[in-house]
Amino acid sequence: MAETDQDVCEGALAEYSALRSEITTRINLQHQMLALHMTAVSVVFSVALSGRDRWPVLLTIPFISYTSSEILASLFRAVEGIAKYIDEELSPKVPGGLGWESWLVHQRPDSEARRLTHPYYLLFPGISIISLAAVGPFAWVGRVNSRELGVSFWVVLSAWPLATAFAFLSFKAVRRLRAPF
């Protein structure tokens, strides 16, 4: 190998090392985002269950899920961009290549059913749907018990479609995630 080729290879390996470190950082941020999301959802459910009139707070869960899933998706997209750069730009500069990134792409399940059973679907849109379903009976019971349409009923009636839209958007965000699923 000529000295110039060796310098190119060493430069590519150094850049690869730095980019893998960046990927590791972003994966750590993904884990922190998942922990933050689970904590926030747990707090909202705790508040909703702590008092009879606090159930409308469940309508915040679809917004939390959408926000968390979009942040997670943006982190995945950044990792995917780095991985693509490694595979397309750096790998050809190294004798034998850097096959990890291209290997990962081939490890994705070929079945849509396997993709749809990933826990992220339960963690983001799933928990949103559960919270939306839970709000309905609370609104109806509150309406029946008071024999009039209270403020909580109208809050739910007006906020429910928006919360439903956020639940759908969190589903779309999870669909865009780059992961071996």
Side-chain angles (χ1 to χ4, degrees), residues 1-45 59-132 161-181:
M1 182 184 305
E3 189 172 322
T4 306
D5 291 340
Q6 187 170 351
D7 289 345
V8 169
C9 178
E10 288 176 6
L13 289 173
E15 189 175 2
Y16 172 76
S17 179
L19 290 172
R20 286 303 306 171
S21 178
E22 178 67 22
I23 287 174
T24 300
T25 299
R26 292 187 186 269
I27 289 172
N28 286 335
L29 289 172
Q30 291 169 4
H31 293 156
Q32 291 173 8
M33 190 67 240
L34 290 169
L36 180 63
H37 173 73
M38 289 187 288
T39 301
V41 167
S42 298
V43 167
V44 170
F45 268 108
L59 290 173
T60 62
I61 288 178
F63 174 74
I64 293 168
S65 291
Y66 167 67
T67 305
S68 299
S69 62
E70 273 299 331
I71 292 169
L72 194 67
S74 71
L75 290 168
F76 270 107
R77 283 191 298 274
V79 168
E80 187 174 45
I82 294 169
K84 185 175 180 180
Y85 175 79
I86 288 171
D87 192 40
E88 293 176 2
E89 300 294 326
L90 296 182
S91 188
K93 296 177 182 177
V94 177
L98 302 167
W100 174 249
E101 307 303 333
S102 59
W103 180 82
L104 272 180
V105 169
H106 297 297
Q107 298 310 305
R108 288 187 178 173
D110 52 357
S111 162
E112 187 67 18
R114 284 193 59 206
R115 282 190 61 165
L116 288 173
T117 58
H118 194 276
Y120 284 172
Y121 287 102
L122 177 60
L123 191 60
F124 296 105
I127 200 69
S128 296
I129 292 167
I130 290 168
S131 69
L132 288 168
L162 184 60
T164 303
F166 281 125
F168 175 73
L169 290 172
S170 68
F171 176 80
K172 287 183 67 172
V174 171
R175 295 284 296 168
R176 292 190 308 266
L177 296 179
R178 175 204 180 257
F181 64 80

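For reference, positions follow the sequence shown, starting with 1.
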Is the closest side-chain heavy-atom distance between [X] and [Y] below 4.5 Å?
X: V79; Y: Q30; result: yes
X: V8; Y: V94; result: no
X: L123; Y: I127; result: no

List the atom pairs, donor and acceptor, that lie under 3.5 Å between side-chain atoms in residues 60-76 and the rest of the protein, sequence neighbours left out.
{"residue": "T60", "atom": "OG1", "partner": "V57", "partner atom": "O", "Å": "2.7"}
{"residue": "S65", "atom": "OG", "partner": "I61", "partner atom": "O", "Å": "3.2"}
{"residue": "S65", "atom": "OG", "partner": "F124", "partner atom": "O", "Å": "3.3"}
{"residue": "S65", "atom": "OG", "partner": "S128", "partner atom": "OG", "Å": "3.2"}
{"residue": "T67", "atom": "OG1", "partner": "F63", "partner atom": "O", "Å": "2.9"}
{"residue": "S68", "atom": "OG", "partner": "H37", "partner atom": "ND1", "Å": "3.1"}
{"residue": "S68", "atom": "OG", "partner": "I64", "partner atom": "O", "Å": "2.9"}
{"residue": "S69", "atom": "OG", "partner": "S65", "partner atom": "O", "Å": "2.9"}
{"residue": "S69", "atom": "OG", "partner": "Y66", "partner atom": "O", "Å": "3.0"}
{"residue": "E70", "atom": "OE1", "partner": "R176", "partner atom": "NH2", "Å": "3.1"}
{"residue": "E70", "atom": "OE2", "partner": "R176", "partner atom": "NH2", "Å": "2.4"}
{"residue": "S74", "atom": "OG", "partner": "I71", "partner atom": "O", "Å": "2.7"}

Taking only residues two or more places apart in sequence or in another chain, which ones pass side-chain contact (heavy atoms from CB on, under 4.5 Å) with E15? L19, Y85, L90

Kindly write out the residues that satisfy side-chain contact (heavy atoms from CB on, under 4.5 Å) with T24, not counting sequence neighbours, or none if the list is empty. N28

If the condition is side-chain hydrogen bond (donor to acceptor under 3.5 Å, both in side chains), which residues does Q32 pass it with, not counting sequence neighbours? none

Report the residues that fulfil side-chain hydrogen bond (donor to acceptor under 3.5 Å, both in side chains) with E10, sequence neighbours left out, ordered by chain and then residue number.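 Here the qualifying residues are Q6.
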
When every non-hydrogen atom of A167 is compared with those of L132, the smallest separation belongs to CB-CD1, 4.0 Å

Give a yes or no on this: more than 12 heavy atoms of other residues, nucleotides or ligands lie within 6.0 Å of atom CZ of F168.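 No, CZ of F168 has 12 or fewer neighbouring heavy atoms, counting only those of other groups under 6.0 Å.
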
Rounded to the nearest 0.5 Å, how far does [atom2] of [Y] lie from [atom1] of [X]?
X: L29; Y: L36; atom1: CG; atom2: CG; result: 11.5 Å
X: L59; Y: S131; atom1: CG; atom2: OG; result: 7.0 Å
X: I23; Y: E80; atom1: CD1; atom2: CD; result: 10.5 Å

Checking E22 now: which residues fulfil salt bridge (Lys or Arg N to Asp or Glu O under 4.0 Å) with it, not counting sequence neighbours?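 E22 satisfies salt bridge (Lys or Arg N to Asp or Glu O under 4.0 Å) with R26 only.
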
